[in-house]
Each structure stands twice: as C-alpha cells, then as structure tokens.
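Structure first, then comments.
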Amino acid sequence: AGVPVPGHVEPGALAVALQDWLDAEVTRRVRALVPVHAAAVIWEGRAALFPATSGSGKTTLARALTAQGAACYSDELAFLDREGRVHAYPRHVITRDPDGARRVQQGSGSDARRLPPVPVGWIVGLHFEPAASLRLTPMPSSEAVLLLLANTAFRLD
C-alpha cells in the first residue's frame, strides 16, 4: 500500500505523513517483537518505558532525559522481545506545536540502530494535565502490565 497523501501538501506535513505511514507499516509487519506505543530511554543499562497515548508527553520526557545523558531508543514505539528486552526503533522525532500541528524535527534522527536490546527496568505511566505539577505514584506490577497491554499496538492480519 502506498503512502496516503492529499493533492497539495506542505513538505513538513509530507514528512509527518511519511513517518506515520512507516510507523504503521513496521508495526503491522514485525513478527518477532511486540510493538508498544511508548517512549523508551536507556539509563545505566536498563530501559525506562513510558507507555501512553499521543499528546501525553512521551517525546518531551524522552528528549529531556536524553539531554541528561540517557540514550533514546524511541520516542513513539518500543519493541519488546520474548525475553522482555527493548529493541531500538530509530525514527525522526515528531513534536507538536502549541496549536497542535505535528512537525518532524530536523536533525532528530536517532543513532539507536547501533544499540543492543536491553532489559526493562522501569515502566512509568504518563498522564498529561496542563499546568499541573509533577506527581509520582508507585503502581503495582500488575498495573504496569495492564498499562503495557493497553498501549500495545494492534496488528490487523
């Protein structure tokens, strides 16, 4: 299937549409890994997963942690293997403007393709509320598993 593109489109919108199409195709075609709608960063040899819906701050958090020394495996999709390890998914970062428009960040391609799979160390649920302060609440392992399942990217075969 081709990339669905309207008749006239700005180059920035085309880049976003192409990345969306590529994400959907990779999610649909990958067989040995489970795709989860989550950001994934690596800290001290373990992955921190941030499974969440679009607009909840996955990219913002991944970029902030990367600026502090974490390795970004993806800001959008985390791929897990049968051993529970996270595999890198290098892609261009897409951010949202204050008006909600999505844009590919220039020069934001990841070097994650050269990084090995790593075990999951943390699963952190995100819930965005404008102007709210940071609040951390521990969750039981069972809730973390449900959070991963709720954000698993489904394949239609």
Shortest non-hydrogen contact from Ala39 toward Ala62: CB-CB, 4.1 Å

Heavy-atom pair of closest approach, residues Thr53 and Lys58: O-NZ, 3.3 Å

Sole candidate of Val41, Ile42, Leu49 that passes side-chain contact (heavy atoms from CB on, under 4.5 Å) when paired with Tyr73: Ile42

Taking every non-hydrogen atom, the tightest pair across Ser56 and Ala52: OG-CB, 2.9 Å

Reported OG-to-CG distance for the pair Ser141 and Leu146, which is rounded to 0.5 angstrom: 11.0 Å

Spatial distance of atom CG (Asp75) from atom CG (Leu65) [nearest 0.5 Å]: 12.0 Å

Connected via hydrophobic side-chain network under 4.5 Å: Leu61 and Ile123: no

Side-chain heavy-atom pair Glu83, Pro119 within 4.5 angstrom cut-off: no

Nearest non-hydrogen partners of His87 and Pro117, listed with the distance: CE1-CG, 3.3 Å

Approximate separation, where rounding is to 0.5 Å, of Leu33 CG and Arg85 CZ: 9.5 Å

Cys72 side, atom SG; Arg63 side, atom CZ - distance, nearest 0.5 Å: 9.5 Å

Transitive ILVMFWY side-chain link Leu126 to Val36, under 4.5 Å: no

Stepwise side chain to side chain contact (heavy atoms under 4.5 Å, CB included) check, Val86 with Leu80: CA-CA 5 Å; Val86 177; Leu80 303 174; 3.4 Å; yes

Intermediate values then yes/no, side chain to side chain contact (heavy atoms under 4.5 Å, CB included), Leu18 and Leu22: CA-CA 6 Å; Leu18 182 59; Leu22 183 60; 5.6 Å; no

Shortest non-hydrogen separation from Pro35 to Thr27 and the atoms involved: CG-CG2, 3.7 Å

Closest contact, heavy atoms only, Tyr89 versus Gln19: OH-NE2, 4.2 Å

